[in-house]
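Atoms considered below: every heavy atom in the structure, side chains included; atoms not considered: hydrogens, waters and symmetry mates. Naming convention: chains lettered A, B, ... in sequence-line order (proteins, then strands); numbering from 1 in each chain.
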There are 2 protein chains.
Amino acid sequence: MSTPAAPAHHRPLRADARRNRERILDAARAVFAESGLDAQMEDLARRAGVGVGTVYRHFPTKEALVDALVEDYFAQLDAEARQALEVADPWEAFAGYIWRAAELLGHNRALVQVTADGQMREGAERQGLHETIGRLIERAQRAGVLRPDVGSDDVPMIMCSIGRVQMLGGAAGAEGWRRHLAIMLDGLRTASATPLPD
Amino acid sequence: MSTPAAPAHHRPLRADARRNRERILDAARAVFAESGLDAQMEDLARRAGVGVGTVYRHFPTKEALVDALVEDYFAQLDAEARQALEVADPWEAFAGYIWRAAELLGHNRALVQVTADGQMREGAERQGLHETIGRLIERAQRAGVLRPDVGSDDVPMIMCSIGRVQMLGGAAGAEGWRRHLAIMLDGLRTASATPLPD
DNA sequence: TGACAACCGGAATCGTCCTTCCGTATAGTC
DNA sequence: GACTATACGGAAGGACGATTCCGGTTGTCA
């Protein structure tokens, strides 16, 4: 979708190759979302209707393929964050972004695993997102609706923890994470602020 | 430590076997805490100063070994919860338990992985803990210091999410989880309650 | 249509563990 | 001190998955 095609300074791909590349990405999205990082390359290939060899001609390693999807995810987050900046109410803007980001995460098992493996690598996109979030936070804090002692570094932590809760099967149900996030957000409102440790 | 020795209805272990069993458990605690579930049996054996074969004579599979440690962990949680019940201030009792449980979790990488793999299997001990936590919650709610719309099912979710944050490397630092938990607890206080979804 | 580079499928390869097996060593006993 | 049931070490076996390789296809262009 927002994934860039092959590098521009290469001769264009042959039609079948281009088609396969798309199929592979689609299959990857589906398989990794469902089964997480340990989805197998062969399943992925079967799902895409190609041989494993073909997958490897387009993406040198499994990791590279995952990276492509992660990139995609951050691009979406970035878009959400920018849109949030347009929302009038500062709390709605901030909380709304968090909710939407969580929703995005909740649909993808592999994403939770990757972001939680503590990677959180930098990268231009990631940096920009971080700043946008910083702006959302500042705005809410200036409006006095968000506790003043949190910063944009707390957001990845929140996303990480929500992701984890989303992966919990059965018991609390796949929907329990909404309760969890609601509580967390209540904890972020100024009204409830108690001094944070450190 | 609190791990029961081999089943009582077996003839007692030979002295060297008993000693090795302890060494293996110690090594397992250390290795799994450090490296998580994918610590390797051979490393563990080396650390214990025995051969892999010996590890397998004491524990039929890697999983069994992990289970033993998990059992241990829940026993500790159980003890903490009972002690918390003795604390006079209802909020201190509840929050104190959560903090201590988190502290326990934070020292063990494998534990986080296991509990988060959504297992949360039942078992007498698990059941008892669940009830004790229920009592802690009720007490705090009756005292009006804990939001009335949470239940003991929310606690595993909280532990899970905290565990995840604890595993985050670098950036927010290994200590960021305290901030996170503090915020969560603020969200749990009655003062901040906003209706929960569902 | 013919020629050829670009592609493809999927069997075979390689690595990484967990687990098993068996010859050897030793605690416990007479 | 000798005997034997137990226990030990660590090499070998097996399973599973990512990645590589190469003989066979198929777009593309003249």
Side-chain angles (χ1 to χ4, degrees), chain A residues 5-32 34-70 109-110 113-114 117, chain B residues 5-32 34-70 109-110 113-114 117:
Chain A
H9 44 284
H10 276 29
R11 124 187 25 185
L13 290 173
R14 230 170 66 174
D16 53 349
R18 191 164 43 251
R19 181 170 5 99
N20 279 336
R21 188 192 173 81
E22 270 327 302
R23 280 190 188 174
I24 289 168
L25 277 169
D26 286 346
R29 269 188 275 272
V31 169
F32 284 127
E34 265 177 31
S35 317
L37 283 183
D38 38 49
Q40 291 167 223
M41 294 304 262
E42 206 178 317
D43 289 351
L44 192 159
R46 194 173 319 121
R47 186 123 167 193
V50 303
V52 271
T54 302
V55 175
Y56 279 92
R57 200 159 321 88
H58 286 283
F59 299 90
T61 68
K62 183 178 181 176
E63 197 191 348
L65 188 43
V66 172
D67 279 353
L69 300 187
V70 171
R109 215 171 176 79
Q113 292 176 283
V114 171
D117 273 353
Chain B
H9 43 284
H10 276 31
R11 128 184 23 185
L13 290 174
R14 229 169 68 174
D16 53 347
R18 193 163 42 252
R19 180 166 9 96
N20 278 337
R21 190 191 170 80
E22 270 327 302
R23 280 190 188 173
I24 289 168
L25 278 169
D26 285 347
R29 269 189 273 273
V31 169
F32 285 127
E34 265 176 32
S35 318
L37 284 183
D38 38 49
Q40 290 166 225
M41 293 306 262
E42 206 178 317
D43 289 352
L44 191 160
R46 195 175 316 121
R47 186 121 166 193
V50 303
V52 270
T54 300
V55 174
Y56 277 91
R57 201 159 320 91
H58 286 284
F59 300 90
T61 66
K62 181 178 182 176
E63 198 191 347
L65 189 43
V66 171
D67 279 352
L69 300 186
V70 171
R109 218 173 175 77
Q113 289 176 286
V114 172
D117 274 352

Picking from [options], which would you name as closest to the side chain of [X]?
{"X": "A:Arg14", "options": "D:dT26, D:dA7, D:dT19", "result": "D:dT26"}
{"X": "B:Thr54", "options": "D:dG9, C:dG9, D:dG10", "result": "D:dG9"}
{"X": "B:Met41", "options": "C:dT19, C:dG10, D:dG17", "result": "C:dT19"}
{"X": "A:Ala17", "options": "D:dA18, C:dC8, C:dC17", "result": "C:dC8"}
{"X": "B:Tyr56", "options": "D:dT20, C:dT20, C:dC7", "result": "C:dT20"}
{"X": "B:Ala15", "options": "C:dA27, D:dA18, C:dT19", "result": "C:dA27"}

Distance, rounded to the nearest Å, where [X] contributes [atom1] and [N] contributes [atom2]:
{"X": "A:Leu65", "N": "D:dA18", "atom1": "CG", "atom2": "P", "answer": "11 Å"}
{"X": "A:Glu42", "N": "D:dC16", "atom1": "CD", "atom2": "P", "answer": "12 Å"}
{"X": "B:Asp43", "N": "D:dG10", "atom1": "CG", "atom2": "P", "answer": "15 Å"}
{"X": "B:Ile24", "N": "D:dG9", "atom1": "CD1", "atom2": "C1'", "answer": "12 Å"}
{"X": "B:Leu44", "N": "C:dC18", "atom1": "CG", "atom2": "P", "answer": "10 Å"}

Looking at B:Asp26 and B:Arg29, is there a salt bridge between them, counting it only when a charged N and a carboxylate O are closer than 4.0 Å?
yes
Contact under 4.0 Å: A:His58 side-chain N or O vs C:dC8 OP1/OP2:
yes
Indicate, with a heavy-atom threshold strictly under 4.0 Å, whether B:Asn20 touches base, sugar-phosphate, or nothing.
sugar-phosphate
Would you mind telling me which residue lines up with the more 5' stretch of DNA chain C, A:Gly49 or B:Asp16, judged by nearest nucleotide?
A:Gly49
Nearest-nucleotide wise, let me know which of B:Asp38 and B:Arg19 is further upstream toward the 5' end of DNA chain C.
B:Asp38
Check A:Phe32 against A:Arg109 and note the closest heavy-atom contact, atom names and distance.
O-CB, 3.8 Å
Side-chain contact, heavy-atom cut-off 4.5 Å: A:Val66 with A:Thr61?
no
Min side-chain heavy-atom separation A:Glu22-A:Arg18 under 4.5 Å:
no
Between A:Arg57 and A:Arg18, whichever has its closest DNA chain D nucleotide further toward 5' is A:Arg57
Rounding to 0.5 Å, atoms NZ (B:Lys62) and CD (B:Gln40) come to a distance of 7.5 Å
